[in-house]
Structure formats: C-alpha cells, structure tokens
Amino acid sequence: MDANKDFLIVLADDDQDDKETFEDAVASLVTDVDVVTFEDGEKLLHYLLEPESQIPDLLFLDMNMPCKDGLQVLKEIKGSKKLKDIFTVMYSTSDNPLFVNRSYKLKADGFIKKTPDTKDLKRLLQKSI
C-alpha cells in the first residue's frame with residue numbers, strides 16, 4: 001500500500017442504521033481508515049468507474065439495495081478488468097445458503113451476516129487492515 005494513501009473501505013448499503021453500526025465497528029478498531037458509503041449499487045459503480053476515484057482496499061456490499069442489488073454489483077465488479085481485484089465481502093441480514101453460494105460463485109471474497117453483535121465484522125476488519 002502507498003504510504004501516502006489512507007486505507008479505504010467502501011460500504012454500499014441503503015440502511016442508515018446498518019451504515020452507522022458498520023462505521024462504529026471500524027472506528028472501534030482503527031482511526032486512520034477512511035470509510036466511504038453509498039446507498040445503492042448504481043452510485044457505487046459510478047464512483048468506482050470514475051478515472052480519478054481511489055479504488056477501495058476493502059469493499060462491503062449489502063445484498064438488498066435499490067437500483068442494483070449487491071449480487072448485480074458483485075458480478076459487474078468481478079467482470080471488470082479495473083475492479084476485479086477489489087477484496088469484496090457480501091454483507092447481508094440473510095445468510096440463506098442460496099445467497100451465500102451465489103455470492104461465492106460470483107467470486108465474492110467473503111460473506112458476513114449483519115448482526116447487532118459486530119464481532120465477525122470486527123474480526124474480518126482486523127485481518128484485512
């Protein structure tokens with residue numbers, strides 16, 4: 001990682017409470033990490049495809065979002081030469097095996113179920129940062 005560049009985590013999630021829980025979990029672990037959030041998959045993709053955008057070091061995608069859901073976005077990211085290497089984690093209230101399996105078939109790097117207890121999220125963040 002470039003010493004002049006902050007570690008960047010991007011979260012795409014349309015639920016404000018989930019965004020705040022996520023940001024609190026990150027803040028409880030580290031302070032020198034930037035977190036950028038988007039409320040839908042289309043806005044996220046628009047940002048990622050801008051030539052001057054910083055590519056995130058870690059990307060979390062909610063499964064259920066307006067415009068483009070997490071699986072649609074995942075498919076586009078992993079199909080893009082520019083974006084395919086972004087470490088991408090699906091982040092969902094459901095851990096339905098069908099969703100989990102589909103995520104991994106679309107080349108997700110991880111899957112975390114949203115819970116009020118953020119220990120799994122914190123564990124993944126600690127490993128990744």
Side-chain angles (χ1 to χ4, degrees):
M1 183 169 75
D2 181 346
N4 298 322
K5 182 184 95 168
D6 287 334
F7 193 91
L8 177 62
I9 298 174
V10 170
L11 168 67
D13 195 325
D14 62 320
D15 185 287
Q16 188 59 37
D17 291 335
D18 289 340
K19 283 188 215 179
E20 289 172 10
T21 299
F22 183 90
E23 290 172 335
D24 290 345
V26 172
S28 73
L29 297 172
V30 287
T31 56
D32 58 348
V33 170
D34 291 329
V35 177
V36 176
T37 62
F38 295 90
E39 62 271 357
D40 70 59
E42 275 189 17
K43 288 180 182 170
L44 168 67
L45 285 169
H46 180 75
Y47 165 81
L48 292 173
L49 294 170
E50 288 291 319
E52 67 278 357
S53 293
Q54 179 181 342
I55 299 298
D57 299 289
L58 190 53
L59 172 63
F60 287 82
L61 292 175
D62 183 24
M63 295 285 283
N64 299 306
M65 293 184 289
C67 300
K68 287 190 180 189
D69 69 30
L71 291 173
Q72 291 171 311
V73 174
L74 176 65
K75 185 176 181 178
E76 288 188 44
I77 287 172
K78 294 304 182 176
S80 165
K81 185 175 181 177
K82 176 183 177 184
L83 307 175
K84 68 182 170 88
D85 294 326
I86 298 173
F87 193 90
T88 306
V89 177
M90 301 308 292
Y91 187 55
S92 179
T93 55
S94 171
D95 60 357
N96 179 320
L98 294 174
F99 291 138
V100 175
N101 290 337
R102 182 132 189 257
S103 296
Y104 285 118
K105 282 183 181 177
L106 291 172
K107 301 182 182 162
D109 296 294
F111 191 102
I112 293 181
K113 183 177 182 196
K114 294 178 189 177
T115 63
D117 172 12
T118 58
K119 69 179 179 190
D120 290 337
L121 174 60
K122 288 180 181 179
R123 189 174 16 251
L124 177 70
L125 288 167
Q126 283 177 322
K127 285 171 133 178
S128 301
I129 295 175

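From a predicted model like this one, the values you see are computed outputs, not experimental measurements. Numbers here are sequence positions counted from 1.
- Annotation: the span from Leu106 atom CG to Asn101 atom CG amounts to 11.0 Å, rounded to 0.5 Å.
- Looking at Tyr104, its side chain does come within 3.5 Å of a backbone N or O of Phe111 through a donor-acceptor pair.
- Contact annotation: the side chain of Asp62 approaches that of Lys114 to within less than 4.5 Å [non-hydrogen atoms, C-beta and beyond].
- For the residue pair Glu42/His46, the side-chain donor-acceptor check at 3.5 Å is not satisfied.
- Between the Gln72 side chain and the Asp69 main chain, a donor and an acceptor come within less than 3.5 Å of each other.
- The two residues Met90 and Ser103 come nearest to each other via the heavy atoms CG-OG, 3.4 Å.
- If you run side-chain contact (heavy atoms from CB on, under 4.5 Å) between Ile86 and each of Ile55, Val10, Leu58, only Ile55 comes through.
- Between the side chain of Asp15 and the backbone N or O of Asp18, at least one donor-acceptor pair lies under 3.5 Å.
- Separating the NZ atom in Lys68 from the CG atom in Leu61 is a distance of 12.0 Å, to the nearest 0.5 Å.
- The shortest distance between side-chain heavy atoms of Glu39 and Lys19 falls below 4.5 Å.
- Counting heavy atoms from C-beta outward, Asp120 and Lys113 have side chains that stay 4.5 Å or more apart.
- Taking 4.5 Å as the limit, every side-chain heavy atom of Asp14 sits out of range of all side-chain heavy atoms of Asp40.
- Counting heavy-atom neighbours within 6.0 Å of Lys105 NZ, excluding the residue itself, gives a total of 12 or less.
- Using a 4.5 Å heavy-atom threshold, the side chains of Asp13 and Thr37 count as separate.
- Applying the side-chain contact (heavy atoms from CB on, under 4.5 Å) test between Pro56 and each of Val36, Leu48, Leu83 identifies Leu48 as the sole match.
- In this structure the side chain of Met63 never reaches within 4.5 angstrom of the side chain of Ser94, judged on heavy atoms.
- Checking side-chain atoms of Tyr47 against main-chain N and O of Gln54 turns up a donor-acceptor pair under 3.5 Å.
- Residues Leu125 and Phe60 meet the side-chain proximity criterion, which asks for heavy atoms closer than 4.5 Å.
- Separation of atoms CG (Asp57) and CD1 (Ile9) is listed at 8.0 Å; rounding is to 0.5 Å.
- Here NZ of Lys122 is found 11.5 Å from NZ of Lys119. Values are rounded to the nearest 0.5 Å.
- Remark: Asp85 CG to Ile77 CD1 distance equals 12.0 Å, nearest 0.5 Å.
- Residues forming a salt bridge (Lys or Arg N to Asp or Glu O under 4.0 Å) with Lys78 (at least two apart in sequence, or on another chain): Asp109.
- If you take CG on Leu29 and CZ on Arg123, they are separated by 11.5 Å, rounding to the nearest 0.5 Å.
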